[in-house]
Each structure stands twice: as structure tokens, then as C-alpha cells.
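Data first, discussion second: the structure below is written as C-alpha cells.
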Amino acid sequence: MLQVKEIHTYYGLSHILFGVSLEVGKGEIVCLLGRNGAGKSTTMRSIMGLTPPRSGYIKYKGVTCTGQKPYLLARQGMGYVPDNRRVFADLTVGENLEISKGKPKDGKGWDKDRVYDFFPDLKKIDSRKAGFLSGGEQQMLTIARALMTNPDLLLLDEPTEGLAPLIIKMLEEQIARLKESGLTVLLAEQNLSVALRLSDRAYVIDNGSIRYHGTSKELQENDEVRQKYLCV
Amino acid sequence: MEFASNITIAAIFQQVLVGLSRTTILFIVASGLSLVLGVLRIPNVAHGSLYMIGAFLAYTIATLFGGGTAGFWLALIIAPLGVALISFIAERGLFCHLYEREHLMLLLFTFSFTLVFGDLVKLVWGSDYRSLSAPVFMQGSFSIFDLPFPRYNLFLLVIGPLVALGLWFLTNKTKIGKIARAAAVDREMVGAVGINVSRVFAAVFVIGCFLAGLGGALVAPTQNITQGMDHAIIIEAFLIVIIGGLGNMWGALLGALIFGLTDSMGILLWPQFAIVFPYIAVIIVLLFRPKGLLKSTW
Ligand SMILES: Nc1ncnc2c1ncn2[C@@H]1O[C@H](COP(=O)(O)OP(=O)(O)OP(=O)(O)O)[C@@H](O)[C@H]1O
Ligand SMILES: [Mg+2]
């Protein structure tokens with residue numbers, strides 16, 4: 001589904017990613033773990049085309065897509081859920097979803113009703129301005145918004161950041177349901193327990209390089225890597 | 001005339017109407033400027049030039065069709081469309097490559113356009129002033145409390161709310177309006193949900209410039225159409241947008257009301273110094289609300 005090969009990404013002059021490579025197979029949940037500033041978000045942004053890598057390449061569904069415009073990637077089924085929940089604050093919940101609606105590629109795609117069935121809490125606040133929602137509601141909305149684009153691959157950047165345990169549990173269940181429905185997910189997380197429960201495989205990133213790669217179970221048992229790069 | 005020598009209820013009423021008709025023009029021009037500033041983040045100094053071109057085009061089209069009522073209506077429709085076409089070409093050809101540049105670059109770039117447009121107008125229409133008369137049934141005045149009020153201004157008083165309503169509908173009820181409001185705050189995220197932001201920007205830019213052209217066409221029958229009307233309006237329009245709140249449509253309306261009414265009231269109070277009243281109002285507003293009266297999208 002997704003192949004990232006030796007990418008180097010910069011913000012202006014500062015070199016952030018140093019040859020990051022990773023792969024995500026169809027139907028998998030793969031997590032990208034790393035502490036603050038490790039380069040998780042930058043990796044996500046590179047894949048989505050928001051800060052394209054200067055070298056290396058990214059293949060999506062077998063086709064090289066490095067440097068493509070984000071809106072074209074979104075139309076090809078790449079869904080992006082940004083860190084720190086960037087909802088369209090000026091629009092209502094319903095409007096956030098409406099403008100994100102993409103063309104279904106085959107048969108039934110996501111529409112507002114289906115998204116509201118999936119996140120019933122959002123239905124109740126359909127006409128509320130997104131800027132006035134709680135953190136948990138905003139997080140649901142950013143995921144719902146990405147679903148409206150009918151993604152095949154979902155890039156989820158720290159969905160549990162700053163949320164209460166109860167809401168994290170709910171989101172975890174919903175992400176697991178998305179996987180069951182056949183969605184592929186790349187999940188950036190700092191919350192190790194949630195990430196390892198959800199994912200099949202894990203990458204650990206630190207200082208812009210991948211330091212470890214293995215199944216989630218292997219990482220769970222590898223105390224050395226966890227202590228060295230994740231401080232847990 | 002002396003200070004505040006002829007203030008009567010009737011005169012105040014008359015000047016309020018005059019001020020409101022001025023408000024219409026100012027609002028139409030400033031709302032277009034505000035739209036472009038809010039969504040595209042371009043401080044389009046050439047907006048005033050497009051207003052001037054709208055006025056000259058209206059004159060030419062009306063004259064071409066014999067100067068009668070039909071000519072006037074056609075001018076009112078075709079001139080803003082012509083301005084929209086010019087802006088479309090400018091956007092697709094030049095502006096669309098510059099969105100990522102810093103504001104100073106954009107400011108200088110649009111400023112250079114005011115010079116180009118200014119010379120173009122001189123080339124096409126010469127440096128004489130032109131005038132366009134309103135259709136016969138809108139000429140002359142009728143009296144309110146025995147004081148004359150131009151019929152054409154009444155027409156402006158109808159157009160103003162219609163344009164405001166249209167803009168409200170566009171920004172709140174249409175998909176492109178909703179996308180534009182989202183893009184004003186977070187254009188990157190709008191792209192990430194699969195929307196071609198560049199196309200949306202082009203549409204918003206063209207709509208904004210259409211409003212400049214419409215303002216120019218509407219103002220044409222009320223004043224001489226001259227070189228230099230671009231500078232006069234752009235200063236006023238920017239001040240209106242600033243006191244209203246950058247990018248806020250209702251702020252543009254509020255700002256235009258303040259500008260139009262202080263201007264007309266100033267004429268009543270102290271005719272020799274009428275011109276300074278709106279600027280004093282601007283200073284007062286900015287002293288108390290440096291970011292403008294309503295919420296800015298910046
Ligand atoms: N817009 C930017 N301009 C310059 N440097 C940036 C920018 N965004 C992030 N960085 C830097 O890039 C590095 C990686 O940041 P990134 O956001 O990818 O980390 P992260 O792993 O997502 O961290 P967090 O867990 O805090 O979200 C950090 O050192 C950060 O300071
Ligand atoms: Mg991050």
C-alpha cells in the first residue's frame with residue numbers, strides 16, 4: 001500500500017528526516033513511535049505531500065507519488081488526520097464534513113449519515129461551530145472529516161494526544177473498527193500502550209531516523225529499545 | 001457657511017440617505033477587497049484600479065449601446081464581468097504562482113499592477129474625464145421634506161442590501177463559500193481533504209474583483225470618471241477593511257457605514273472640513289479596537 005524509501009525532509013534549512021524508510025501493507029495498522037520532536041509528524045506530512053521530501057521516494061499503491069499535490073493524494077485515497085486537531089473552526093460540524101466529501105471510488109462511500117452512525121456523538125452537535133467543540137469532539141471530527149474523503153490509507157497523527165482516558169478508549173475501539181472494515185492505517189503515537197494494542201507492526205523513530213522495526217509483540221518485549229528511545 | 005449653521009431634521013435625514021448611498025458603493029468595493037484579503041491573503045492594491053476600469057468600461061459600453069436605458073443596464077452587467085475577466089487572466093497567469101510569497105512581495109506586486117492598469121486606462125481612454133448619465137427614469141431628484149434627493153441614489157439604496165444578501169448567501173450557503181471560509185483559516189488542511197485550493201482561490205479572486213468592477217460601474221453616473229479615482233477609492237477601501245476587521249464581510253459593511261455616514265454628516269456639520277470626518281472616525285475606532293470592530297480572519 002505505502003512504501004517510504006530513504007526520505008530526507010527539511011523545513012527551510014533545517015534537516016529533519018535523515019533517510020526514513022518504512023512500509024505499510026494493505027489492511028495493516030502500523031504505528032510510528034517516538035518522543036517529542038522525533039519526526040513523527042514530519043514523516044506524516046512528507047507522505048501527505050505537505051512538506052515533500054527533498055530526496056528519496058514515496059510509493060503509494062505501487063506508484064511513485066513523491067512531490068504530488070496533497071489534494072491529488074487525498075483524491076487517490078490518502079486520508080490525513082493532522083496533529084493538534086486542525087478542524088475548520090469557523091464552520092459547523094456538518095459543514096466540516098460536507099466540504100470534505102469525496103467521490104466514492106467503488107460502490108458505497110462515506111457520507112454524513114454513515115459518519116454519524118460511526119460517531120453518534122457528532123450527530124448531536126451537527127450545527128455547532130467546530131471551534132467550540134471539546135478536544136475529544138474535535139478529534140472525532142478530524143477523523144470523521146478524513147473518512148469523508150473515502151480513504152484507503154489513513155494517516156493518523158497522535159489521535160490520543162491530550163485526551164481523557166475514557167475518550168482515548170472510545171477512539172481506540174473506533175480505530176480498531178476501521179481496521180476491521182479494511183482500512184489501512186499509519187498511526188503516529190506517543191501513547192505506547194494504545195499504539196501497541198492497535199497495531200500489527202511498529203517503527204521507532206528518533207532524531208529523524210528509524211531506530212527499530214518489528215512486530216508490536218516484539219517491541220513489547222524489547223525493554224532496551226523502549227527505554228532508549230521511548231523512555232518507558 | 002458657518003459651522004453647523006443649517007442643521008434641521010430634514011437635512012439630517014437627507015444626509016443620512018446620501019451617506020447610505022455612498023455606503024453602498026464603499027461596501028461593494030471594500031467587501032471585494034476584504035474577500036481577497038481574507039481568503040487569499042493578498043492585499044490587492046490594484047483593487048482600486050479595477051474599480052476605475054469598471055467605471056470606464058461602463059461608460060464605453062453604455063455609449064456603445066446608444067447611451068439609453070438599455071445601454072445603462074448592459075453596462076452595469078457587462079462592465080463588472082469584463083473586470084472579472086481581466087482579473088481571471090491576471091490570477092491564472094500571475095497571482096496563482098505567488099500565493100506562497102510573503103505579504104510584502106504581494107503588496108509590491110499588486111502595487112505595480114496599479115501602475116500598469118493606470119497607464120492602460122490612459123492609453124485606452126485618454127486623460128480626459130468622462131461622464132455617464134443614469135437612465136431617464138433615474139435622473140433628477142424627488143423631494144423628501146422639501147429637500148432634493150437624487151433618484152439614482154435611491155437605486156443605490158436598493159442595490160446595497162441586495163449585494164450584501166448575495167454575499168451572505170455565497171459565503172454561508174454555497175459549497176464554495178464554505179470552502180473559502182475554511183481556506184481563509186487553514187488552506188493546507190483544505191487541500192489535504194482533497195480540494196483543489198488553487199481553483200477555489202481563482203474563483204474567490206474573480207468574485208472579489210467583480211465587486212470592484214460593479215462598484216465602479218455603479219458609481220459612474222454619480223461622478224466624473226477620471227484618472228485618479230483608483231487612488232481615492234483604494235485608500236478608503238483599505239481603511240474600511242481595517243476598521244471592520246480584515247476578511248470579515250460584515251466588518252466591511254460596518255466600516256462602510258461608518259465611512260459613508262461620517263462623510264455625509266461632516267458635510268452637514270462643517271462642509272469645509274467634511275473630508276476629515278471619516279478619517280477621524282477611523283482613528284477613534286483604531287484607538288479602541290486596533291484589530292478592527294469585528295473578528296478578523298487573519
Ligand atoms: N514548521 C517547522 N519549522 C521548523 N522546524 C520544525 C517545524 N515543525 C517541526 N519542526 C522540528 O522538526 C522536528 C520534528 O518535529 P515533528 O513535529 O515531526 O516531531 P513529532 O515526532 O511529531 O513530535 P511531537 O510528538 O511533539 O508531535 C522537531 O525538532 C521540530 O522542532
Ligand atoms: Mg507530532
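Because the structure is a prediction, the values reported are computed rather than measured. Atoms considered below: every heavy atom in the structure, side chains included; atoms not considered: hydrogens, waters and symmetry mates. Residue numbers start from 1 in every chain, and the chains themselves are labelled A, B, ... in the order their sequence lines are given, proteins ahead of strands.
The shortest distance between side-chain heavy atoms of A:F88 and B:V190 falls below 4.5 Å. Under the 4.5 Å side-chain criterion, counting only non-hydrogen atoms from C-beta, B:N196 is not in contact with A:K69. The closest side-chain heavy-atom distance from B:I195 to A:Y71 is not below 4.5 Å.
By the neighbour-count criterion of 12 heavy atoms within 6.0 Å, atom CZ of B:F111 is sparsely surrounded, having that number or fewer from other residues, nucleotides or ligands. Counted within 6.0 Å of CZ on B:F288, heavy atoms from surrounding residues, nucleotides or ligands total 12 or fewer; the atom is thus considered open. With a 6.0 Å radius and a threshold of 12 heavy atoms from other residues, nucleotides or ligands, A:R114 has its CZ atom above the threshold. Annotation: A:K112, atom NZ; neighbour count of heavy atoms from other residues, nucleotides and ligands within 6.0 Å is above 12. Counted within 6.0 Å of CZ on A:F132, heavy atoms from surrounding residues, nucleotides or ligands total 12 or fewer; the atom is thus considered open. Within a 6.0 Å sphere centred on NZ of A:K61, other residues, nucleotides and ligands contribute more than 12 heavy atoms. Applying the 6.0 Å contact sphere to CZ of B:R199 captures no more than 12 heavy atoms from other residues, nucleotides or ligands. Residue A:F119 places its CZ atom among more than 12 non-hydrogen atoms of other residues, nucleotides or ligands, all under 6.0 Å distant.
Using a 4.5 Å cut-off between heavy atoms, A:S100 touches chain B through backbone and side chain atoms alike.
Nearest heavy atom pair, residue A:T149 against residue B:V193, reads CG2-O, 3.3 Å. Pairing each heavy atom of A:A74 with each of B:G191, the nearest pair is CB-O, 4.3 Å. Scanning both residues, A:R75 and B:G194, for their nearest heavy atoms gives NE-O, 2.8 Å. Annotation for B:A192 and A:M48: closest pair O-CE, 3.7 Å, computed over non-hydrogen atoms. The nearest pair of heavy atoms linking B:N172 to A:E95 is O-OE2, 3.8 Å.
Taken to the nearest 0.5 Å, the CZ atom of B:R181 stands 6.0 Å off from the CG atom of A:D90.
Salt bridge B:E188/A:R45: present, at least one basic N to carboxylate O contact under 4.0 Å. Salt bridge annotation for A:E98-B:K178: present, with a cationic side-chain nitrogen under 4.0 angstrom from a carboxylate oxygen.
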